[in-house]
Amino acid sequence: MQLIHTIAELRARLAREKSLAFVPTMGNLHEGHLDLVRIAREQGSCVVVSIFVNPLQFGPSEDFDKYPRTLEEDCAKLQGLADVVFAPAVDDMYPVQQAVFVDPPPIASELCGAARPGHFRGMATVVLKLLNIVQPRVAVFGKKDYQQLHIIRRMVAELNLPVTIVGGETVRAADGLALSSRNQYLGADERAEAVFLSRTLQGMRQSILQGERDIERLQQDAVSLLTSRGWAVDYVAVRNQSDLLPAGLPQRDWVILAAARLGNTRLLDNVEVALAG
Ligand code: PAF
């Protein structure tokens, strides 16, 4: 496995590769990321993983400075799984102040975008840059960041990018908590409580499968329950998988999404629901 820090060196290394599969990350890798790398391995003969904490997608009061940077450990985890690790410096990715951005679709200002203005614009811009730099045949992103994956798919479709986007299932701890680099910020009590987010979504899923159609009430009940347990809820929302607009028939493939804070840690989760035809 080769560790490359500059765009020029990466381009030279990848020039003759015909079947590139790419996994963009911000590092601090856990089993969820490694699963995406394994999916990439099935999709291409050369697997590239990028590790870049993208300043453009963090708001001024967010955790950019404190985001865990663990390049050495990440490379050890990727041995035998990836062929190339691309870990550029901020100055290489942004040699001048970025003035050209991807303007994401309106859904980018809802759900996570409502609490994180500009986040998806910065995310989509760096993903487009990375896709242009690596030029993979396939790129793999986790479904845990469901809205991110949706926006990337729309960017790729609407800008006619020559890449296939593959979504990897969320990997969970034994108790059901979705793996995330931010889980390590949780104190012991918070970690014990954190699983309640996925349990709440699972409970909503069961209610929907049993015929509950009062979505407003389901959402409000979930927010009240989480709030009563000490969570600060950004949103709990039942949406269509296809467009992330509020769920409703005739669409039958829905997804329940949530973002909520425990102390200072913001956790995300989602669960898909397919209504019987
Ligand atoms: O999901 C992430 O880790 C990041 O948003 C991504 C896609 C690597 C872009 O910085």
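Start at 1 and go down the list; that is how both ligands and their atoms are numbered. What's counted below: heavy atoms across the whole structure, side chains too, no hydrogens, waters or symmetry copies.
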inquiry  = We want to know whether Asp269 and Tyr146 form a side-chain donor-acceptor pair, criterion being a heavy-atom distance below 3.5 angstrom.
reply    = no
inquiry  = Applying salt bridge (Lys or Arg N to Asp or Glu O under 4.0 Å) to Arg266 and Glu62, what does each step give before you reach the verdict?
reply    = CA-CA 10 Å; Arg266 187 170 183 274; Glu62 293 184 349; over 6 Å; no
task = Give a yes/no verdict on a cation-pi contact between Lys129 and Phe52, requiring under 6.0 Å between NZ or CZ and the six-membered ring centre and an angle within 45° of the axis.
result = no
request  = Check each heavy atom of Leu130 against ligand 1 and say whether those closer than 4.0 Å belong to the side chain, the backbone, both or neither.
outcome  = neither
note = So for Met123 against ligand 1, with non-hydrogen atoms under 4.0 Å, the contacting part is side chain
ask   = Should the pair Phe58 and Tyr67 be assigned to parallel (<30°), tilted (30 to 60°) or perpendicular (>60°) ring geometry?
value = perpendicular
Please could you name the atoms of ligand 1 that [X] approaches to less than 4.0 Å, counting only its heavy atoms?
{"X": "Gln57", "result": "4 (C), 5 (O), 9 (C), 10 (O)"}
{"X": "Thr25", "result": "8 (C)"}
{"X": "Val126", "result": "9 (C), 10 (O)"}
{"X": "Gln148", "result": "1 (O), 2 (C), 4 (C), 5 (O), 7 (C)"}

key: atom 3 (O) of ligand 1: nearest protein contact (heavy atom, Å)   = Met26 CG, 3.5 Å
message = Does ligand 1 come near enough to Asn54 that some N or O of the ligand is less than 3.5 Å from an N or O of the residue?
response = no
query = Can you find a heavy atom in the side chain of Cys46 that is under 4.5 Å from one in the side chain of Arg13?
reply = yes
ask   = Is it true that atom CD of Glu72 has more than 12 heavy atoms of other residues, nucleotides or ligands lying nearer than 6.0 Å?
value = no
